[in-house]
*Asks:* 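Here's a structure for you.
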Amino acid sequence: MNNEDFRQHAHDLVDWMADYLEQVRRYPVKAQTEPREVLRQLPLEPPDRAEPFERLFADFERIILPGMTHWQHPSFHAYFPANSSPPSILAEMIMATLGAQCMSWATSPAAAELEEVVMGWLRQMIGLPKGFTGVIQDTASTATLCSLLTAREQVTKYEINRRGFDNDDRFAVYCSTETHSSIEKAVKIAGFGAESLRKLPVDDRFAMRADLLEEAIEEDRRAGRIPLAVVAALGTTGSTAVDPIREIGEICRRHGVWLHVDAAYAGTALLLDAYRWMSEGVELADTFVFNPHKWMFTNFDCSAYFVKDPAALVQTFEILPEYLKTGESERVNNYRDWGIQLGRRFRALKLWFVIRTYGVDGLRQKIRAHIKMAQRVVTLIEQHPEYELLAPAPLNVICFRYRPADIDDPGALDALNERLLEAVNATGKAYLTHTKLDGRYTVRFVIGQTQVTDEDVLRTWKLITDCAALLRPPAQ
Ligand SMILES: *Cc1c(COP(=O)(O)O)cnc(C)c1O
């Protein structure tokens with residue numbers, strides 16, 4: 001493809017992109033595809049001969065697009081959103097065009113310096129104290145792993161990095177039963193072993209019980225283990241429950257335990273003063289992560305990781321072979337040493353584009369609007385005799401189930417709600433997913449898509465109640 005062809009295809013493609021975003025409501029939200037249906041349409045051998053872009057693109061539209069779930073559909077209410085926005089997409093286009101490797105300052109000085117600046121902006125936007133320094137990671141999973149590795153190295157004076165483990169079950173890590181699976185993954189990768197993870201029971205709001213945390217730490221210490229770190233959730237994945245950060249932080253202080261705060265999704269709500277209560281006590285944390293790539297209109301991947309002690313982070317990861325040595329490391333950040341990967345994308349650019357295009361006020365307005373839409377649905381559920389909330393909904397994630405008056409059996413209610421969710425998703429008009437809370441099958445309704453409107457949300461609520469009415473078991 002020469003540059004002239006590239007120019008033409010790129011122009012056509014931008015039109016396609018704008019049309020797609022304008023008409024995305026026409027697609028089924030969740031791919032209505034059977035397993036291996038896409039694969040069967042693709043040749044299993046690579047093409048020897050060059051193919052024209054037109055043919056390639058036609059195949060993209062015919063084979064690939066129908067097999068995609070449309071995450072930018074306003075009626076995408078599943079999991080957590082992976083929002084994009086026009087300024088973020090434009091930044092991604094520039095990033096792809098520059099194709100820069102931003103591993104050290106010298107490999108792209110502007111990328112390193114812009115990252116330092118926008119992470120400072122983000123820190124202020126979510127009200128983290130000045131003592132925190134930010135670095136962009138690919139995902140919250142990686143940030144949490146970095147946090148646990150830094151904790152491990154600080155406690156062992158960098159001995160495990162040097163010599164490996166002596167005795168592999170000395171450490172204990174604490175979280176609640178509701179925390180994200182990435183915590184257990186990090187505990188396994190860090191070499192502690194999954195059995196070193198203490199998943200503490202939660203209270204009736206699905207938040208960690210701090211009293212049980214202190215008991216668990218004391219018990220481990222008596223048993224000769226090293227209580228290493230606590231991962232507190234600021235917004236659990238199931239129901240956006242908020243662990244008591246201050247109480248947990250004070251326990252960590254008292255016992256010399258590292259504290260990581262996982263705010264992957266709900267961190268965005270900290271842009272609003274009304275939600276700063278969630279991070280009360282965050283100054284006691286060692287590290288903090290939230291994902292602009294979930295609810296802050298920035299394309300995946302972009303995870304904001306904040307640390308109190310960047311020197312400890314760098315000391316954990318720094319490796320300096322001859323070919324990476326440069327002269328200016330005193331005055332600049334070489335982000336290759338701030339995490340696991342060497343090569344890095346220029347992700348600061350999309351944050352810069354998003355924050356400047358919306359302005360902090362514009363971002364706040366969108367987030368506030370999402371929460372308001374969700375609270376309206378909360379009221380509809382509370383007022384409906386056949387539905388019930390299964391968890392508090394402090395933000396824009398609603399956990400509920402259908403509960404007709406004549407059905408009491410827990411198993412029957414689980415099965416009914418599973419069928420309801422399948423029926424809703426099979427329409428292609430909305431996409432919701434589920435979780436289990438207190439052992440009960442729970443439908444999750446997440447209202448945080450970039451373009452979602454009140455009308456979209458009310459239409460989805462009507463879709464849910466219509467599907468439920470069709471499922472009603474016939475009267476005896
Ligand atoms: C989504 C989520 C994660 C994982 O985020 P990735 O960036 O996909 O690794 C971790 N913790 C919580 C609370 C989450 O909601």
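Note that these values count all heavy atoms, side chains included, but never hydrogens, waters or copies made by symmetry. Atoms within a ligand are numbered from 1 in the order they appear, just like the ligands themselves. Residue numbers run from 1 in the order of the sequence given.
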*Asks:* Which residue owns the protein heavy atom closest to atom 4 (C) of ligand 1, what's the atom, and how far is it?
*Replies:* His180 CE1, 3.3 Å

*Asks:* Any salt bridge between Arg345 and Glu92, counting N to O under 4.0 Å?
*Replies:* yes

*Asks:* Does a donor on one side chain and an acceptor on the other come within less than 3.5 Å for Trp105 and Glu113?
*Replies:* yes

*Asks:* With heavy atoms of Ser182 as the reference, note each atom of ligand 1 found under 4.0 Å away.
*Replies:* 10 (C)

*Asks:* Heavy-atom contact check, 4.0 Å cutoff: does Ser303 meet ligand 1?
*Replies:* no

*Asks:* Does ligand 1 have an atom under 4.0 Å from some heavy atom of Gly235?
*Replies:* yes

*Asks:* Could you tell me which atoms of ligand 1, counted from 1 in the order shown, lie closer than 4.0 angstrom to a heavy atom of Lys294?
*Replies:* 1 (C), 2 (C), 3 (C), 4 (C), 5 (O), 14 (C), 15 (O)

*Asks:* Out of curiosity, Glu283 CD to Phe288 CZ, how far, rounded to the nearest 0.5 Å?
*Replies:* 12.0 Å

*Asks:* If you count the atoms of ligand 1 from 1 in the order shown, which ones are under 4.0 Å from a heavy atom of Phe80?
*Replies:* 15 (O)

*Asks:* Determine whether the side chain, the backbone, both or neither of Asp301 has a heavy atom under 4.0 Å from any heavy atom of ligand 1.
*Replies:* neither

*Asks:* Of the backbone atoms (N, CA, C, O) and the side-chain heavy atoms from C-beta on, which set of Asp262 has a member under 4.0 Å from an atom of ligand 1: side chain, backbone, both, or neither?
*Replies:* side chain

*Asks:* Does His73 have its ring centroid less than 6.0 Å away from the ring centroid of Tyr27?
*Replies:* no

*Asks:* Step by step, would you call Ser147 with Trp258 a side-chain hydrogen bond (donor to acceptor under 3.5 Å, both in side chains)?
*Replies:* CA-CA 9 Å; Ser147 175; Trp258 181 271; 2.9 Å; yes

*Asks:* Could you list the atoms of ligand 1 found under 4.0 angstrom from a heavy atom of His293?
*Replies:* 7 (O)

*Asks:* Using a 4.0 Å heavy-atom cut-off, which part of Ser141 comes near ligand 1: side chain, backbone, both, or neither?
*Replies:* both

*Asks:* Show the atoms of ligand 1 that are less than 4.0 angstrom away from any heavy atom in Asn291.
*Replies:* 5 (O), 6 (P), 7 (O)

*Asks:* Does a sphere of radius 6.0 Å around OH in Tyr79 hold more than 12 heavy atoms from other residues, nucleotides or ligands, not counting ones at 6.0 Å or beyond?
*Replies:* no

*Asks:* Does Ser176 reach the main-chain N or O of Ala207 with its side chain, forming a donor-acceptor pair under 3.5 Å?
*Replies:* no

*Asks:* Does the Lys NZ or Arg CZ of Arg444 fall within the cation-pi geometry relative to Phe80 - under 6.0 Å from the ring centre and within 45° of the axis?
*Replies:* yes

*Asks:* Does Ala140 reach ligand 1 with a nitrogen or oxygen that is under 3.5 Å from one of the ligand's nitrogen or oxygen atoms?
*Replies:* yes

